[in-house]
Amino acid sequence: MFSHPLLLAFPFFLLACFLLYWAGARHAYTRRPVAEFGDPGAFDWHFFVPCRDEEAVVATTVGRLRADHPRAHVWVIDDDSDDRTGEIVAELAERDLRVHLVRRHRPEARQGKGAALNAAYDELNQFLSREADRESVVVCVIDADGQLDPNALNIVSGPAGFGDPEIGGVQVSVRMRNTEDRRPLGDRGRVRNAFARLLVRMQDMEFSVSNAGMQLLRARTGSVGLGGNGQFTRLASLDRIAEAERRPWKRGALLEDYELGLHMILTGDRINHIADTWVSQEGLPHGRRFLTQRTRWAQGNLQCVRYAPRIVSSRHYGGKGILETLYTFLQPVAHLVTLALCAVMFVLLGLTAAEDGAGEAFGGMLALWPLVLGLAVVSVLPFVLWGPVYRRDRAEDRSLIVALLWGLALWLYAYHLFPASARGFVRMLRGRNGWAKTRRNAEALDAGPTAIEA
């Protein structure tokens, strides 16, 4: 009853794909060359900071950007906030000519992050002179709680970035800056705070080494994805997308950042990932907020499947890039199929137990223990091996044992993809595509709904 080829072959196929992808990502990360400095003075830098109800963090973010990157302009998009975000930025703009407030009002406002960024793009076009060299104007998207490496512009302007005229976009690594917060949930209790610390640590491990490795692998396949934080693009590249799509960022997209990268490659620009510089953000210590965020990402991935025909037929994607991109698109689909197959296998197990007796069915399962053990080892080991790499680059003060335990926790953490994919699929079937922002950690825990549909 368990010999159906699909039930037997599909898990092995997924495991083989995962191991191949992991090996390529780890090799790309551990063997990456050191990024060289360039000349940031050769470029005109503009930071886009989309905000909605961000009074808790916006002043700090703008102040740090201006202090660390004094030649850059900061464009804060107030997406019709209900708090004092707009007033705070307006006060900053009065004292600093390089701080700009882009005000949006309903009903045009609150149409998603992509629409807010397009409004800043329009304002920047009006601000720049007609003689501006748009190939040397660089736009960087920073989250409202983002903090950019003070050396970022030196590195991004180098030969791995915009020093190469063929590069249209650069994504830098992302880090969580609250990994050492001992009580991320305040007085919520020792156990809940321990879980919150581990959740933040796993996000930092995921982004700073695992995801960075995947991005560096994508640099080799020509399919680097842009993220919503630390995303650098040439203004001329945004122009080319706007010419083809009417606007650079896709309105209503749940992954407007990743879709921008797809459009950039489809219009002929290259994107690179640089792991030697970074942008930091707050890791989410709240399980509910975290799962909601990841559900949005999974649903956004499912939305991107519609690009598959264009990518397969594009002359700007090579064979490796097509395979990598389709693999990324289909991750939520693979999770859904895996959940369905697990349900089928449990049903078949129950039927076998009913027909042949529970003892015989259990005995048959025990006979497969060497195979199950082998699969478990090759499934867990890749996650565990990220532990020492993370320790080397992000936590040198921790022991190797702790790093290996973090790697084991990363394996367990990865299972959030299954409920997130299922929830994203259900939302898509129900036609629910709108989202409110995820509350910042500095905001009150009980100050209303968190990251639910607006």
Side-chain angles (χ1 to χ4, degrees), residues 24-25 27-29 31-40 42-46 117 121 133-141 152-174 211-245 248-250 255-279 304 307-308 310-329:
H27 182 270
Y29 184 87
R31 302 299 177 88
R32 70 187 188 278
V34 176
E36 300 177 18
F37 278 23
D39 177 17
F43 301 92
D44 184 18
W45 304 91
H46 295 264
L117 293 170
Y121 170 78
D133 178 9
R134 299 173 76 87
E135 292 286 350
S136 64
V137 176
V138 178
V139 170
C140 175
V141 178
L153 303 189
N154 292 322
I155 296 176
V156 171
S157 61
F162 297 109
D164 182 345
E166 294 186 2
I167 294 292
V170 172
Q171 177 63 47
V172 302
S173 283
V174 178
N211 283 5
M214 289 191 292
Q215 287 277 60
L216 291 166
L217 173 62
R218 292 169 176 172
R220 298 182 178 186
T221 61
S223 55
V224 172
L226 291 175
N229 200 10
Q231 165 199 130
F232 291 81
T233 53
R234 288 187 197 270
L235 185 57
S237 299
L238 298 179
D239 293 339
R240 285 187 279 273
I241 298 172
E243 184 179 354
E245 306 289 336
W249 285 275
K250 183 76 172 178
L255 288 183
E256 86 295 323
D257 43 12
Y258 186 71
E259 291 196 28
L260 179 74
L262 296 177
H263 285 298
M264 189 167 289
I265 298 173
L266 287 169
T267 54
D269 284 301
R270 285 176 50 214
I271 306 174
N272 199 15
H273 180 86
I274 300 179
D276 293 331
T277 187
W278 46 266
V279 63
C304 288
Y307 288 100
R310 293 178 61 182
I311 289 170
V312 171
S313 62
S314 173
R315 61 187 178 88
H316 299 298
Y317 275 88
K320 294 179 180 179
I322 291 173
L323 289 176
E324 191 286 322
T325 305
L326 294 181
Y327 178 82
T328 299
F329 285 177

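Atoms considered below: every heavy atom in the structure, side chains included; atoms not considered: hydrogens, waters and symmetry mates.
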**Report entry** salt bridge (Lys or Arg N to Asp or Glu O under 4.0 Å) between Arg270 and Glu166, intermediate numbers included
**Finding:** CA-CA 6 Å; Arg270 285 176 50 214; Glu166 294 186 2; 3.4 Å; yes
Would you tabulate the side-chain donor-acceptor contacts of residues 313-320 under 3.5 Å, counting partners in other chains and residues two or more places apart, or write 'none'?
{"unit_1": "Ser313", "atom_1": "OG", "unit_2": "Pro309", "atom_2": "O", "d": "2.9"}
{"unit_1": "Ser313", "atom_1": "OG", "unit_2": "Arg310", "atom_2": "O", "d": "3.3"}
{"unit_1": "Ser314", "atom_1": "OG", "unit_2": "His316", "atom_2": "N", "d": "3.0"}

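The two residues Leu216 and Ala275 come nearest to each other via the heavy atoms CD1-CB, 4.1 Å. Heavy-atom minimum distance, Pro40 versus Trp45: O-NE1, 2.9 Å. Nearest approach of Ala212 to Ser173, heavy atoms of both residues: CB-OG, 3.8 Å. Annotation for Leu217 and Ala25: closest pair CD2-N, 3.9 Å, computed over non-hydrogen atoms. Closest non-hydrogen pair, Tyr121 versus Ala242, comes out as OH-CB, 3.7 Å.
Between Leu153 and Phe232, some side-chain heavy-atom pair lies under the 4.5 Å cut-off. Contact check for Val138 versus Asp44: no side-chain heavy atoms found under the 4.5 Å cut-off. Side-chain contact between Phe37 and Val156: absent, with no pair of heavy atoms (C-beta onward) separated by less than 4.5 Å. No side-chain heavy atom of Leu117 sits under 4.5 Å from any side-chain heavy atom of Val139. Side-chain contact between Arg32 and Asp276: present, with at least one pair of heavy atoms (C-beta onward) separated by less than 4.5 Å. Under the 4.5 Å side-chain criterion, counting only non-hydrogen atoms from C-beta, Ile241 is in contact with Met264. The closest side-chain heavy-atom distance from Tyr307 to Thr325 is not below 4.5 Å. By the 4.5 Å heavy-atom criterion applied to side chains, Val170 and Ile271 are not counted as neighbours.
Listed for the Ser237 side chain is no donor-acceptor partner under 3.5 Å among the backbone atoms of Thr233. Between the His273 side chain and the Gln171 main chain, a donor and an acceptor come within less than 3.5 Å of each other. Formation of a donor-acceptor pair under 3.5 Å by the Glu259 side chain with backbone atoms of Trp249 is not found in this model. Checked by atom type and distance alone, the side chain of Ser157 pairs as donor or acceptor with a backbone atom of Asn154 at under 3.5 Å. In terms of modelled atom types and a separation under 3.5 Å, the side chain of Asp257 and the main chain of Gly228 share a donor-acceptor contact. When atom types are taken as modelled, the side chain of Trp278 and the backbone of Ala152 share no donor-acceptor pair closer than 3.5 angstrom. With hydrogens and angles disregarded, no donor-acceptor distance shorter than 3.5 Å links the side chain of Glu36 to the backbone of Ile155. In this structure, the side chain of Thr328 engages the main chain of Glu324 through a donor-acceptor pair within 3.5 Å. The main-chain N or O of Pro159 is never found under 3.5 Å from a side-chain atom of Asp164 such that the two would form a donor-acceptor pair.
If you check the side chains of Tyr29 and Asn211, you find no donor sitting under 3.5 Å from an acceptor. Side-chain contact check for Ser136 and Arg234: no donor-acceptor pair (N or O, by modelled atom type) lies under 3.5 Å. Between the side chains of His27 and Arg220, a donor-acceptor pair is found at a separation under 3.5 Å.
Taken to the nearest 0.5 Å, the SG atom of Cys304 stands 8.0 Å off from the CD1 atom of Ile311. In this structure, the separation between CD1 on Ile265 and OG on Ser223 is 6.5 Å, given to the nearest 0.5 Å. Glu245 CD to Leu260 CG: the interatomic distance, rounded to the nearest 0.5 Å, is 10.5 Å. The CD atom of Glu135 sits 8.5 Å away from atom CG of Asp239, with the distance rounded to the nearest 0.5 Å. Residue Gln215 holds its CD atom at 9.5 Å from CG of Asn272, rounded to the nearest 0.5 Å.
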